[in-house]
Amino acid sequence: NMEVNKFGLSRVIPAEIKREIRQQCGFGCVICGLGIIQYEHVDPEFKDAKKHDPANMTLLCPQCHSKVTTKMWSKSRVKLAMRMPKCLQQGYSNEFFDFPERNPSLIFGGVKLSNCKIPIQVANYPLFQLKKPEYLGQPFLLSGLFTDSNGEVSLEIKDNEWKANSSLWDVEVKGPCITIRERHRKIHLVLTITEQCDILVSRLDMVFAGFYFEANGDYLKVTFPDGGSSELSGCVADNCNVGISF
């Protein structure tokens, strides 16, 4: 697996070029819209490319990518999709979380919510909900909502399917981690599915129903509509119907 091509171009694509490609594709595969992606030199291919040019590069999910690599699908199909990326047509990129064995805990900053049907409720609205599997062998189902600092929906989760809004500034998915940025150097959300299959929100900057939520590492700060605030750290809620209610 060569690290540089015949022109000395490295396989490593600079971060800002990757971001430009993500933005122009709507953060998902240009053909099917899935959010697990690989960066692809389309024309010229990497071996003949002199530079990483976003205009000639795109995002493909591993499955669509292998269909192109094995020549099951043509390059012209990719080029056509690049002109009308699936995510920009439908307004989101999407993929599924998987919670196979047990009820996932929700960890927000320093707050851990386990075995709660509604981990967080805001103004009587269940911000997150967990449903037990209907049948043995099926996963637990998570639904929830993240909004940005303007209150606009950024990431929606419905029965484990997540959808990231393609009008966002940047959505980056690396393995089990989703990072959403509102603008340069302004992180709105870092969500990771841990090895234990818990949902870890290590960074959050969001406004919902007049409440401002800020999570950073080991604390969760909530500012109320009346201006008062509460900082939660090291809290645990277990086996409650509602974990935390604001």
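Sequential numbering from 1 along the given sequence is applied to the chain's residues. None of these values were measured; they are calculated from a predicted model.
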Under the side chain to side chain contact (heavy atoms under 4.5 Å, CB included) rule, what do S114 and N103 come out as? Steps first, then yes or no, please.
-> CA-CA 8 Å; S114 304; N103 197 333; over 6 Å; no
Begin from the C-alpha positions of K186 and S149 and carry the test side chain to side chain contact (heavy atoms under 4.5 Å, CB included) through to its verdict.
-> CA-CA 10 Å; K186 169 103 166 80; S149 63; 4.2 Å; yes
Test side chain to side chain contact (heavy atoms under 4.5 Å, CB included) on Y212 and D205 and set out the steps.
-> CA-CA 8 Å; Y212 173 56; D205 191 339; 3.0 Å; yes
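When the side chain to side chain contact (heavy atoms under 4.5 Å, CB included) test is applied to D43, the partners found at least two apart in sequence or on another chain are K79. Legend: residues meeting ring-ring contact (aromatic ring centres under 6.0 Å, His included) with Y125, ordered by chain and number and at least two apart, are F208. Residues passing the salt bridge (Lys or Arg N to Asp or Glu O under 4.0 Å) test with R181, sequence neighbours excluded: D170, E172. Here H52 pairs with H41 under the ring-ring contact (aromatic ring centres under 6.0 Å, His included) rule; sequence neighbours left out. In this structure D53 satisfies the salt bridge (Lys or Arg N to Asp or Glu O under 4.0 Å) test with no other residue, sequence neighbours excluded. Checked against salt bridge (Lys or Arg N to Asp or Glu O under 4.0 Å), K50 has no partners two or more places apart in sequence or in another chain. Under the salt bridge (Lys or Arg N to Asp or Glu O under 4.0 Å) criterion, D218 pairs with no residue at all, not counting sequence neighbours.
Residue pairs meeting the side-chain hydrogen bond (donor to acceptor under 3.5 Å, both in side chains) criterion with at least one partner in residues 83-100, sequence neighbours excluded, are N94-E161. Sorted by first and then second residue, the ring pair (Phe, Tyr, Trp, His ring centres under 6.0 Å) pairs involving residues 15-39 (not counting sequence neighbours) form an empty list. For residues 137-157, the set of pairs meeting the ring pair (Phe, Tyr, Trp, His ring centres under 6.0 Å) definition, not counting sequence neighbours, comprises F128-F146.
Between S143 and D159 the shortest side-chain heavy-atom distance falls below 4.5 Å. The side-chain heavy atoms of P104 and C197, taken from C-beta on, include no pair separated by under 4.5 Å. Put simply, the side chain of I17 reaches to within 4.5 Å of the side chain of P54, judged on heavy atoms. Residues N150 and V207 fail the side-chain proximity criterion, which asks for heavy atoms closer than 4.5 Å. Side-chain contact between M206 and H188 is present, with at least one heavy-atom pair separated by less than 4.5 Å.
Between F246 and F213, the ring planes lie perpendicular to each other; the angle is over 60°, past the 30° to 60° tilted range.
Grouped with I107 in one hydrophobic cluster are L200, the linkage being side-chain heavy-atom contacts under 4.5 Å among Ile, Leu, Val, Met, Phe, Trp and Tyr residues. Taking Ile, Leu, Val, Met, Phe, Trp and Tyr as members and joining any whose side-chain heavy atoms lie under 4.5 Å apart, directly or through other members, F7 forms no hydrophobic cluster with any other residue.
Other residues, nucleotides and ligands contribute only 12 or fewer heavy atoms inside 6.0 Å of the NZ atom of K117. Counting non-hydrogen atoms of neighbouring residues, nucleotides and ligands closer than 6.0 angstrom, the CD atom of Q196 exceeds 12 such neighbours. By the 6.0 Å contact criterion, NZ on K158 is open, its count of non-hydrogen atoms from other residues, nucleotides or ligands being 12 or less.
The same ILVMFWY cluster, assembled from side-chain heavy atoms under 4.5 Å apart, contains both L142 and L189. By the criterion of side-chain heavy atoms lying less than 4.5 angstrom apart, applied directly or through intervening Ile, Leu, Val, Met, Phe, Trp or Tyr residues, I180 is grouped together with L145 in one hydrophobic cluster. Put simply, W162 and F99 are part of the same group of oily side chains (I, L, V, M, F, W, Y) that touch within less than 4.5 Å, one to the next.
Exactly one of L127, V122, T223 qualifies for a side chain to side chain contact (heavy atoms under 4.5 Å, CB included) with F211. That residue is V122.
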